[in-house]
Amino acid sequence: MTKNTADETKKTYTKQGAAGSAAREGARVMGTVLVTSGTGKTGRRVAERLAALGVPVRAGSRAGGVPFDWQDESGWAAALDGTEAAYVAYYPDLAVPGAAGAMAAFGRVAAASGLRRVVLLSGRGEPQAAVAEEALRGACGEVELTVVRSAFFAQNFSEGALLDSVLGGELVFPAGSAAEPFLDIDDLADVVVAALTGDGHAGAVYELTGPRSLTFEEAAEELGRAAGRPVRYVPVSGPAYAEVLEGFGVSGPEAGFLAELFATLLDGHNSATTDDVKRVLGREAKEFTAFTREAARDGAWHG
């Protein structure tokens with residue numbers, strides 16, 4: 001991360017008010033934090049914010065300077081050695097088969113390493129993810145655990161799997177007419193950092209959403225206005241979406257899993273909003289309209 005990036009992140013983070021101030025106070029006494037999936041959408045943001053607060057960061061990834069691979073337990077102890085806290089973002093998703101076993105194994109290694117605190121990224125309304133949460137909770141002993149369950153990321157439209165769909169003008173997705181309270185990842189990262197660096201979060205389960213629920217049709221309209229081009233929502237079935245993913249090079253099993261997961265999550269049961277972002281940070285969650293304007297300003301849809 002460049003100095004300019006760190007300075008800009010710090011300026012953004014210091015606008016959070018009382019919650020941000022409390023996090024900064026805690027950060028002064030923090031030891032090293034391991035950020036798993038440190039180059040991913042959430043891990044990168046968490047690492048940037050921690051570094052801007054002066055917290056030593058160890059960004060783990062399969063190909064980075066700190067080797068960390070969820071498929072290779074042999075490197076976990078070395079990555080955790082000497083750390084005080086960890087942000088855990090399991091790839092590809094806590095709901096996949098094998099995730100609960102990986103969480104139990106990580107919990108045992110974390111407890112043996114003397115880790116003080118873990119913040120786990122989970123999915124909102126995912127029963128299998130909740131099983132993985134419990135596996136980690138049961139294995140990590142005295143380690144403080146905070147679970148952050150997230151709604152659908154707004155940034156999936158600007159830097160994730162749906163970017164090409166927005167650029168192409170057709171948002172093909174198996175969400176039907178269900179509404180979703182899209183969450184800005186910057187809000188997620190701020191909550192994670194607050195939980196990593198501040199006290200009072202041990203044992204908490206935060207369900208993070210944006211302040212307003214939109215259908216994918218409504219989201220497509222807002223994306224189109226911000227991008228300056230028509231974007232149309234095209235609802236499809238789960239199997240049809242799996243075929244779309246395979247056309248983009250996703251393997252058959254992964255495409256089938258993702259399509260089934262999205263169809264399950266976006267059936268309306270996650271439509272309600274929460275105020276957990278405000279509870280933790282002392283400010284409102286970012287509106288979807290504000291996200292689209294910022295993403296357009298930053299050139300997300302210039303392709």
Side-chain angles (χ1 to χ4, degrees), residues 1 5-6 8-13 15-16 19-20 23 33 35-53 57 59 61 87-94 119-126 129 146-163 165-166 180-197 206-214 216 219 222-223 226 258 261-262 265-266 270 273-281 283-301:
M1 179 174 62
T5 302
E8 190 61 33
T9 302
K10 188 171 184 177
K11 283 188 282 186
T12 299
Y13 193 69
K15 294 177 182 177
Q16 291 180 0
V33 177
V35 177
T36 68
S37 303
T39 59
K41 285 198 295 290
T42 68
R44 172 174 55 82
R45 287 173 166 84
V46 170
E48 288 174 351
R49 283 159 170 74
L50 289 171
L53 292 174
V57 177
S61 65
Y87 169 56
V88 174
Y90 182 77
Y91 181 83
D93 190 274
L94 276 188
V119 177
L120 172 67
L121 174 63
S122 187
R124 185 170 182 245
E126 294 184 39
T146 304
V147 176
V148 176
R149 295 173 177 165
S150 176
F152 196 92
F153 293 154
Q155 276 79 0
N156 284 336
F157 298 111
S158 61
E159 58 186 82
L162 296 177
L163 172 59
S165 295
V166 176
E180 174 70 12
F182 300 102
L183 176 72
D184 192 286
I185 297 181
D186 288 335
D187 286 341
L188 169 74
D190 288 344
V191 169
V192 168
V193 169
L196 284 168
T197 61
Y206 297 123
E207 296 212 0
L208 305 186
T209 74
R212 176 170 62 110
S213 294
L214 298 86
F216 271 67
E222 295 214 20
L223 290 163
L258 290 173
L261 177 65
F262 289 139
L265 293 179
L266 298 168
N270 280 332
T273 63
T274 76
D275 64 353
D276 280 5
V277 169
K278 185 175 182 179
R279 283 178 55 204
V280 177
L281 301 177
R283 62 167 175 79
E284 298 292 343
K286 186 183 294 184
E287 245 281 354
F288 188 78
T289 302
F291 152 73
T292 62
R293 290 172 178 168
E294 291 176 11
R297 179 198 64 200
D298 294 340
W301 302 301

Is the closest basic N to carboxylate O distance between Arg293 and Asp298 below 4.0 Å?
no
Should Arg279 and Asp276 count as an ion pair when the cut-off is N to O under 4.0 Å?
yes
Checking Asn270 against Glu180: is there a side-chain donor and acceptor pair closer than 3.5 Å?
no
Derivation of the side chain to side chain contact (heavy atoms under 4.5 Å, CB included) call for Leu50 and Val35:
CA-CA 10 Å; Leu50 289 171; Val35 177; 4.0 Å; yes
Begin with the C-alpha distance, continue with both residues' side-chain angles, and end with the deciding distance and a verdict on side chain to side chain contact (heavy atoms under 4.5 Å, CB included) for Gln155 and Ile185.
CA-CA 7 Å; Gln155 276 79 0; Ile185 297 181; 3.3 Å; yes
Please step through salt bridge (Lys or Arg N to Asp or Glu O under 4.0 Å) for the pair Asp184 and Arg45, ending with a clear verdict.
CA-CA 12 Å; Asp184 192 286; Arg45 287 173 166 84; 5.8 Å; no
When rounded to the nearest 0.5 Å, the distance separating CG of Leu188 from CZ of Arg149 is 14.0 Å
Of all residues at least two apart in sequence or in a different chain, which pass the side chain to side chain contact (heavy atoms under 4.5 Å, CB included) check with [X]?
X      : answer
Leu214 : Phe182, Arg212, Glu218, Glu222, Phe288
Ser213 : Ala179, Pro181, Thr273
Ala295 : Ser158, Phe291, Ala300, Trp301
Ala59  : none

For the residue pair [X] and [Y], establish whether any side-chain heavy-atom pair is separated by less than 4.5 Å.
X      : Y      : value
Arg283 : Asp190 : yes
Thr146 : Leu196 : no
Leu208 : Val148 : yes

Which residues satisfy the salt bridge (charged side-chain N to carboxylate O under 4.0 Å, His left out) test with [X], sequence neighbours excluded?
X      : answer
Lys41  : none
Glu294 : Lys286
Asp93  : none
Arg124 : Glu207

Ring pair (Phe, Tyr, Trp, His ring centres under 6.0 Å) partners for Tyr90, two or more places apart:
Trp70
Can you sort out the partners of Tyr206 under ring pair (Phe, Tyr, Trp, His ring centres under 6.0 Å), two or more places apart, ordered by chain and number?
His201
Begin with the C-alpha distance, continue with both residues' side-chain angles, and end with the deciding distance and a verdict on side chain to side chain contact (heavy atoms under 4.5 Å, CB included) for Thr42 and Arg44.
CA-CA 6 Å; Thr42 68; Arg44 172 174 55 82; over 6 Å; no
Considering residues at least two apart in sequence or located in another chain, which fulfil the side-chain hydrogen bond (donor to acceptor under 3.5 Å, both in side chains) criterion with Thr36?
none
Contacts of Asn156 meeting side-chain hydrogen bond (donor to acceptor under 3.5 Å, both in side chains) (sequence neighbours excluded), chain-then-number -> none
Measure across Ala195 and Val119 and return the closest heavy-atom pair with its distance rounded to 0.1 Å.
CB-CG2, 3.7 Å
What are the two closest non-hydrogen atoms of Ser150 and Leu183, and how far apart are they?
OG-CD2, 3.2 Å
Given 3.5 Å as the limit, does a donor-acceptor pair link the side chain of Thr209 with the main chain of Ala151, or not?
no
For Leu121 and Tyr87, run side chain to side chain contact (heavy atoms under 4.5 Å, CB included): C-alpha distance rounded to whole Å, both residues' side-chain angles, the deciding distance at 0.1 Å, then the answer.
CA-CA 8 Å; Leu121 174 63; Tyr87 169 56; 3.4 Å; yes
